[in-house]
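Below is one structure, written out as structure tokens; comments come after it.
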Amino acid sequence: MLDPKLLRDNPDKIRKMLEARAVDFPLDQLIKIDKERRDLIIKTDELRKKRNEISLEVARKKKANGDATKLIEQMQSVSEELSKLEGTQIKADELYTKLSLSLPNLIHDSVPIGRDVNANKEIKKWEKPPIFDFKIRDHIELTQSLDLVDLERAAKVAGARFYYLKNKLVKLNQSLIQFSLDFLSDKNYTLVQTPYLINRSSMEGAIIAQDFEDVIYKVEGEDLYLIGTSEHAVASMHSDEIIDGKNLPLRYAGISPCFRKEAGAHGRDQKGIFRVHQFDKVEQFIFSRPEESWNEHERLLSLVEEFYQKIELPYRIMLLSSSDLGKVSAKTYDLEAWIAGQNSYREIVSCSNCLDFQARRLKIRFRDRTDEQPQYLHTLNSTLVATTRTMVAIMENFQTKDGHVAVPKVLQKYVGASTI
RNA sequence: GCGGGGGUCGCCUAGCCUGGUAGGGCGUGGGAUUGCUAAUCCCAUGUCCGCAAGGACCCGUGGGUUCGAAUCCCACUCCCCGCGCCA
């Protein structure tokens with residue numbers, strides 16, 4: 001949600017953002033309904049004022065044992081008129097809320113403007129892709145020959161894009177989680193394992209409603225949705241709260257499985273475990289002072305880089321362009337790891353500054369003194385590790401001539417082995 | 001799941017029975033007084049509309065009754081206590 005003042009004072013800024021994102025949005029309708037809504041507030045407020053005044057007089061008359069019949073008649077007609085106006089006001093409010101909740105976030109000046117992913121900008125590269133002196137296998141072949149994943153039975157039991165992890169891959173999965181948690185504890189993050197199902201209003205605080213159908217699983221007959229990432233659950237953790245400024249920034253390491261429908265991804269990454277309906281993830285989530293959020297954003301990225309350097313995966317950092325940017329984010333870096341079997345870099349981390357967009361939806365504010373006006377804080381999120389994709393990268397880049405996989409040094413103590 | 005108790009403007013609390021301007025304390029900020037500190041006193045401290053003056057709203061949420069609801073009625077929700085069921 002954007003600051004409603006922008007609608008009145010600087011709608012062109014919003015118009016430019018919509019254009020850059022190539023999003024079709026009825027901005028003029030929103031501006032009109034905002035005006036109507038405020039006019040109705042003024043009118044109903046006046047009627048309420050009148051009602052309050054008469055009500056006071058009734059009370060006074062009654063106390064003095066006087067006759068208040070005429071006043072009460074007056075009240076009746078005022079109340080009647082008011083309830084009519086309130087009806088139209090509620091309708092205007094509903095439309096206003098619906099529209100303003102589907103308006104995407106502003107875009108930071110440093111974000112490249114572009115029509116598609118080709119406008120994304122490479123910021124840096126770390127390490128060269130490995131060179132192999134043998135014919136390499138992709139992770140699908142590796143997981144089959146080493147008996148690490150069972151896709152057929154998962155399809156039978158749950159459907160396409162599900163999987164059974166087996167043997168040492170289970171341990172590698174756990175090792176990534178364990179290593180991430182240790183890594184972030186050392187940086188003084190608060191570890192938090194979240195609910196995996198959350199209600200609609202919490203979900204709406206973190207994502208835009210029209211995206212629900214595409215990405216979110218709903219529990220039938222309940223107001224519950226499976227989280228697509230712990231970001232959703234951590235963001236709403238502090239909803240409707242005023243946070244003491246001296247506690248900021250709040251840095252959380254969220255851990256949870258993630259559930260995603262992946263609708264509209266038919267044909268892409270069809271095989272293997274690169275794109276799946278369920279995976280484990282350790283997520284960084286920051287509640288920050290507005291003036292600190294851009295520093296926090298860079299800090300998130302630097303921790304991500306440190307992490308992937310430790311597990312020795314070659315990667316590059318991309319700055320997403322306006323059309324590829326998520327609707328709630330003002331600026332996003334992706335870390336793309338080298339995937340040897342595909343001979344390309346693929347996204348495994350996404351690192352975003354959402355400014356006050358989520359905070360407004362979730363009513364998360366802060367202040368330094370209790371006599372001070374609370375103000376919205378900024379929220380940021382970044383993957384630390386999404387286990388399935390990182391395991392794909394490890395398997396394909398660390399494979400050996402004899403068809404096995406070397407375990408990255410920092411993970412060996414967790415896996416309890418140096419090869420798989 | 002059943003029975004009982006509860007949710008009040010950052011925190012604590014009064015008001016609810018008997019409907020008629022939501023009061024007090026703490027904390028925080030500012031001011032007054034005082035040689036300093038302490039104590040005391042005064043003001044401010046929820047949201048929205050409005051350039052402002054001002055006004056409206058706010059007692060877990062949503063309905064209802066009423067001229068008028070924190071207060072009465074209904075539903076839902078969350079917390080606490082007891083019972084039941086249970087990995």
Side-chain angles (χ1 to χ4, degrees), chain A residues 1-11 30-101 193-205 219 221-225 233 236-248 250 257 287 289 356 359-377:
Chain A
M1 193 182 247
L2 300 180
D3 187 343
K5 284 198 187 86
L6 264 185
L7 276 179
R8 299 157 214 171
D9 303 341
N10 200 353
L30 177 57
I31 291 170
K32 196 176 144 224
I33 199 73
D34 175 49
K35 178 84 176 81
E36 277 176 29
R37 191 184 128 264
R38 282 181 296 139
D39 288 347
L40 280 165
I41 287 172
I42 290 169
K43 277 186 200 154
T44 50
D45 274 5
E46 269 167 16
L47 280 173
R48 288 201 189 95
K49 182 187 175 190
K50 205 164 166 189
R51 190 187 60 181
N52 289 344
E53 281 168 358
I54 302 172
S55 182
L56 268 181
E57 255 181 84
V58 172
R60 223 176 284 139
K61 267 250 164 80
K62 287 220 164 172
K63 255 181 202 160
N65 285 322
D67 177 25
T69 327
K70 275 208 181 121
L71 285 170
I72 286 172
E73 271 167 24
Q74 235 182 315
M75 281 276 274
Q76 270 163 338
S77 76
V78 170
S79 288
E80 213 171 293
E81 199 182 339
L82 180 61
S83 66
K84 263 188 223 157
L85 263 181
E86 273 173 341
T88 42
Q89 198 205 328
I90 286 164
K91 274 189 203 135
D93 254 347
E94 276 168 1
L95 182 58
Y96 171 79
T97 306
K98 192 182 147 220
L99 284 177
S100 61
L101 280 178
Q193 188 163 354
T194 71
Y196 304 155
L197 298 127
I198 64 176
N199 59 34
R200 183 165 186 114
S201 78
S202 299
M203 197 61 97
E204 274 176 343
V219 177
E222 309 253 4
D223 179 26
L224 285 174
Y225 298 80
S236 39
M237 202 168 137
H238 289 294
S239 58
D240 292 311
E241 290 184 22
I242 297 171
I243 289 165
D244 190 336
K246 71 170 183 279
N247 295 327
L248 294 178
L250 293 171
F287 296 89
R289 285 176 180 279
D356 62 3
R360 278 180 189 282
R361 295 170 154 246
L362 292 163
K363 296 195 181 64
I364 310 174
R365 293 166 299 169
F366 79 98
R367 63 177 163 201
D368 294 306
R369 297 193 318 259
T370 54
D371 67 324
E372 198 174 67
Q373 272 279 20
Q375 58 171 315
Y376 290 108
L377 45 71

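Protein chains get the first letters and strands the later ones, always in sequence-line order, with residue 1 at the start of each. Bear in mind the structure is a predicted one, so any value in this text is a computation, not a measurement.
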Strand contacts (RNA chain B) in residues 43-55 of chain A, 4.0 angstrom heavy-atom criterion
D45(A), R48(A), K49(A), R51(A), N52(A), S55(A)
Does any N or O in the side chain of R289(A) come within less than 3.5 Å of the main-chain N or O of G245(A), such that one atom is a donor and the other an acceptor?
yes
Take the protein atom [atom1] of [X] and the nucleotide atom [atom2] of [N], then report the distance between them rounded to whole Å.
{"X": "D244(A)", "N": "rG29(B)", "atom1": "CG", "atom2": "P", "value": "12 Å"}
{"X": "L40(A)", "N": "rC57(B)", "atom1": "CG", "atom2": "P", "value": "16 Å"}
{"X": "Q89(A)", "N": "rA56(B)", "atom1": "CD", "atom2": "P", "value": "15 Å"}
{"X": "D368(A)", "N": "rU45(B)", "atom1": "CG", "atom2": "P", "value": "19 Å"}
{"X": "N199(A)", "N": "rC76(B)", "atom1": "CG", "atom2": "P", "value": "18 Å"}
{"X": "I42(A)", "N": "rC51(B)", "atom1": "CD1", "atom2": "P", "value": "8 Å"}
{"X": "I242(A)", "N": "rC11(B)", "atom1": "CD1", "atom2": "C1'", "value": "12 Å"}
{"X": "E86(A)", "N": "rA56(B)", "atom1": "CD", "atom2": "C1'", "value": "11 Å"}

With rounding to the closest Å, how many angstrom separate the [atom1] atoms on [N] and [M]?
{"N": "rG62(B)", "M": "rG5(B)", "atom1": "P", "result": "24 Å"}
{"N": "rG6(B)", "M": "rC73(B)", "atom1": "P", "result": "13 Å"}
{"N": "rU28(B)", "M": "rU65(B)", "atom1": "C1'", "result": "42 Å"}
{"N": "rC9(B)", "M": "rC81(B)", "atom1": "C1'", "result": "29 Å"}
{"N": "rG82(B)", "M": "rA22(B)", "atom1": "C1'", "result": "34 Å"}
{"N": "rU45(B)", "M": "rG24(B)", "atom1": "C1'", "result": "16 Å"}
{"N": "rU71(B)", "M": "rC58(B)", "atom1": "P", "result": "11 Å"}
{"N": "rA38(B)", "M": "rA56(B)", "atom1": "P", "result": "41 Å"}

Under-4.0 Å side-chain N/O to phosphate OP1/OP2 contact, R365(A) with rG46(B)
no
Is any side-chain N or O of S77(A) closer than 4.0 Å to OP1 or OP2 of rC67(B)?
no
R361(A) CZ to S236(A) OG distance, which is reported to the nearest 0.5 Å
12.5 Å
Can you list the stems that RNA chain B is part of, where a stem is at least 3 pairs in a row, each Watson-Crick or G-U, with both distances below 3.5 Å?
B:1-7 with B:77-83, B:10-13 with B:23-26, B:27-32 with B:40-45, B:46-49 with B:54-57, B:60-64 with B:72-76
Any side-chain heavy-atom pair of [X] and [Y] under 4.5 Å:
{"X": "T88(A)", "Y": "K84(A)", "value": "no"}
{"X": "P4(A)", "Y": "R360(A)", "value": "yes"}
{"X": "E36(A)", "Y": "K32(A)", "value": "yes"}

Can you name the closest pair of heavy atoms from A92(A) and I33(A) and give their distance?
O-CG1, 3.7 Å
Measure across P11(A) and I31(A) and return the closest heavy-atom pair with its distance rounded to 0.1 Å.
CB-CD1, 3.7 Å
Apply the test salt bridge (charged side-chain N to carboxylate O under 4.0 Å, His left out) to residues K49(A) and D45(A): give CA-CA distance (whole Å), side-chain angles for both, the deciding distance (0.1 Å), then the verdict.
CA-CA 6 Å; K49(A) 182 187 175 190; D45(A) 274 5; over 6 Å; no
Taking the basic N atoms (NZ, or NE/NH1/NH2) and the acidic carboxylate oxygens, is any pair closer than 4.0 Å for E86(A) and R48(A)?
yes
Looking at D39(A) and K35(A), is there a salt bridge between them, counting it only when a charged N and a carboxylate O are closer than 4.0 Å?
yes
Starting at the 5' end of RNA chain B and moving along, which residue's nearest nucleotide shows up first, R367(A) or I72(A)?
R367(A)
Among rU21(B), rG68(B), rC49(B), the one nearest I41(A) by side-chain distance:
rC49(B)
Of the candidates rG68(B), rG20(B), rU21(B), the side chain of S79(A) sits closest to rG68(B)
Which residues satisfy the ring pair (Phe, Tyr, Trp, His ring centres under 6.0 Å) test with Y225(A), sequence neighbours excluded?
F212(A)
